[in-house]
Amino acid sequence: MNVLVVNCGSSSLKFQLINSETEAVAAKGLCERIGLDGRLVYQPAGGEKEITEAPMPTHTEAIKMVLDALVNPKTGVLKSLDEVEAIGHRVLHGGSKITQSVIINDEVISVIDECCDLGPLHNPANLMGIRACMELMPGKPNVAVFDTAFHQTMPPKAYRYAIPTKYYEKYAVRKYGFHGTSHSFVSKETIKYLGLDKDNSKVIVCHLGNGASISAVENGKCVDTSMGLTPLEGLIMGTRSGDLDPAVLEFVCKKENIDVKEMVRILNKESGVMALSNGLSSDFRDLEEAMDNGNEAAALAIDAFCYRVAKYVGSYVAAMNGVDAIAFTGGIGENADVVRAKVLSYLGYLGIKMDPEMNKKRGENFVLSTEDSKVKVAVIPTNEELAICRETVELVTAAK
Ligand code: ADP
């Protein structure tokens, strides 16, 4: 089955066309600057990248350009759009109503719409992408795969905030968690790769990218995760603060004479390792280089990041009363051996032993703990597009 996987941001749209039998990517790319001017980057498998500048006032024009590129007689990979059998959409927020991936119908659209309040940057863009696909490929099944869905198995003790109940009842203020597609994919891959028994397993997934989150997965189900109502809670990230005393908001707002909205923007865009490195960079490649050259702020940023990750791992060992495996994923988790080594250096009490040579590996799934380590530690590269493709195929096939 040819599945078009679509991931819409507020001014961008990433796509991959995946053959579900071989799981090979036939073509991929991205539309940028939607609503401004418009630029399509398209790349067929084994071919060169093509860049086309063309107006894209909305996501509909962007999708139209993607579809035209896919059937282009020269560099396209399909004879006709009939060969696209289903479309899988990444959707940010499904609130409490949606606990798994679903085939999109009017009811699902209204839930995504209701959740725009909770995901104001992403849900409206996700809806635009869905509507554009429905308009341009009528009759094809569209599936929504939610970033929040995998975390819906958390118990109330994990997802409730200790604030007045009326905020939960009236406005659904609670922990939701994000990166769910990645946590689901990586925890399943970890169980498979390490030969664990899914129904008797305790796995901690560290998704460390520009945005970063951790989840505790017991017997295949998420029991806790570090992001909250929004993706601001939890770990220190590229430019996000992660956890902090909420009273900091009022304190700084008063001192600097700024409003809460501006402060939340600062916590999202001007904080994290970017702030701790005194504005040097949010990218760990730059931070590592600076640290190696003696930059103390960069060293502090990396150390604080790793320390926070280790503290969350420790708390999730407590949450599950044990751990069988820890998986690293995401741009940092997959590539930054320095970060993995530093995180694990805090976790010796768990009987974790790292093999420094194995830790230097890159690429596919690999184990970096020693044979006699009490907990297995692995790098499991995430693949959210493939996860969306698999979920889409499963639902569409079951509905046939
Ligand atoms: P997101 O999907 O949240 O945008 P990614 O998971 O793609 O982020 O991760 C991007 C981050 O990964 C970069 O900002 C950088 O910090 C880190 N990264 C990527 N490659 C390397 C590398 N070779 N060494 C260290 N860090 C890396």
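Side-chain atoms are counted along with the backbone in the values below, which use heavy atoms only and exclude waters and symmetry mates. Just so you know, ligand 1 is whichever comes first in the structure, and atom 1 is the first atom listed for that ligand. Note that this is a predicted model, so its numbers are computed, not measured.
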| said: With the threshold set at under 4.0 angstrom, would you say G211 reaches ligand 1 through any of its heavy atoms? | reply: yes
| field | Protein non-hydrogen atom found under 4.0 Å from atom 9 (O) of ligand 1 | value | yes
| N-O pairing of K175 and E233 below 4.0 Å | yes
| task | Considering only non-hydrogen protein atoms, determine which one is nearest to atom 14 (O) of ligand 1 and report residue, atom name and distance to 0.1 Å. | result | D283 OD2, 3.7 Å
| message | Closer than 4.0 angstrom, basic N to acidic O: yes or no for R390 and E394? | response | no
| message | Please list the nearest protein heavy atom to atom 26 (N) of ligand 1 with its residue and the distance rounded to 0.1 Å. | response | F284 CB, 3.6 Å
| Just checking, R174 and Y161: is the charged tip under 6.0 Å from the six-membered ring centre and within 45° of the axis? | no
| query | Would K28 and E385 pass as an ion pair if we require N to O under 4.0 Å? | reply | no
| note | The option among N335, L208, T382 carrying the non-hydrogen atom nearest to atom 22 (C) of ligand 1 is N335
| task | Before accepting this row, confirm whether a basic side-chain N of the pair R90/D147 lies closer than 4.0 Å to the acidic partner's carboxylate O. | result | yes
| said: Just to confirm my output: which protein heavy-atom neighbour is closest to atom 4 (O) of ligand 1, and how far is it? | reply: N210 CB, 3.6 Å
| R362: numbered ligand 1 atoms lying under 4.0 Å from its heavy atoms | 23 (N)
| request: Could you tell me whether E288 and R285 make a salt bridge, using a distance below 4.0 angstrom between a side-chain N and a carboxylate O? | output: no
| request: List the closest protein heavy-atom neighbour of atom 17 (C) of ligand 1: residue, atom name, distance to the nearest 0.1 Å. | output: I332 CG1, 3.5 Å
| query | Any Lys/Arg nitrogen of R265 or E270 sitting under 4.0 Å from an Asp/Glu carboxylate oxygen of the other? | reply | yes
| task | Run the contact test for M237 against ligand 1 with a 4.0 Å cut-off on heavy atoms, strictly below, and give the result. | result | no
| query | Centres of the H93 and F146 rings: under 6.0 Å? | reply | no
| said: Any nitrogen or oxygen of A336 lying under 3.5 Å from a nitrogen or oxygen in ligand 1? Just yes or no. | reply: no
| said: To check your reading of the model: name the closest protein heavy atom to atom 18 (N) of ligand 1, its residue, and the distance in Å. | reply: G331 O, 3.6 Å
| note | atom 24 (N) of ligand 1: of E384, R285, E289, the nearest heavy atom sits on R285
